[in-house]
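These numbers come from the heavy atoms of this one structure, side chains and all, not from hydrogens, waters or symmetry mates. Since we're looking at a predicted model, the values are computed, not measured.
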Amino acid sequence: MSDIVPAEDTRRIALVDLLDRVLGGGVVITGEITLSLADVDMVRISLRTLIASVSALVPDPVGEDPSDE
């Protein structure tokens, strides 16, 4: 069951709680850099980075064995 938070809630969130939420769900950061000389694009770099905790991306190796059922 999820908690419903009122819009005017001024509750403070600790940085560690925010970091835990971000790493648990994962974040994708994208960016693009273009180096130009005399209005001619010389170098174009596209960046995409995924930041997440390992436990969010890899299943637990000690988890349940499907053959036990």
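Within the model, atoms CG of Leu23 and CG of Leu19 stand 4.5 Å from one another, a figure rounded to the nearest 0.5 Å.
In terms of heavy-atom proximity, Ala52 sits nearest to Gly26 at CB-CA, 3.7 Å.
Ile29 has its side chain within reach of Ile51: a pair of non-hydrogen atoms, C-beta onward, lies under 4.5 Å apart.
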I'd like a table of donor-acceptor pairs (distance under 3.5 Å, sequence neighbours excluded) in which one partner is a side-chain atom from residues 32-44, with atom names and distances.
{"residue": "Glu32", "atom": "OE1", "partner": "Arg44", "partner atom": "NH2", "Å": "3.4"}
{"residue": "Glu32", "atom": "OE2", "partner": "Arg44", "partner atom": "NE", "Å": "3.2"}
{"residue": "Glu32", "atom": "OE2", "partner": "Arg44", "partner atom": "NH2", "Å": "2.9"}
{"residue": "Ser36", "atom": "OG", "partner": "Asp41", "partner atom": "OD1", "Å": "2.8"}

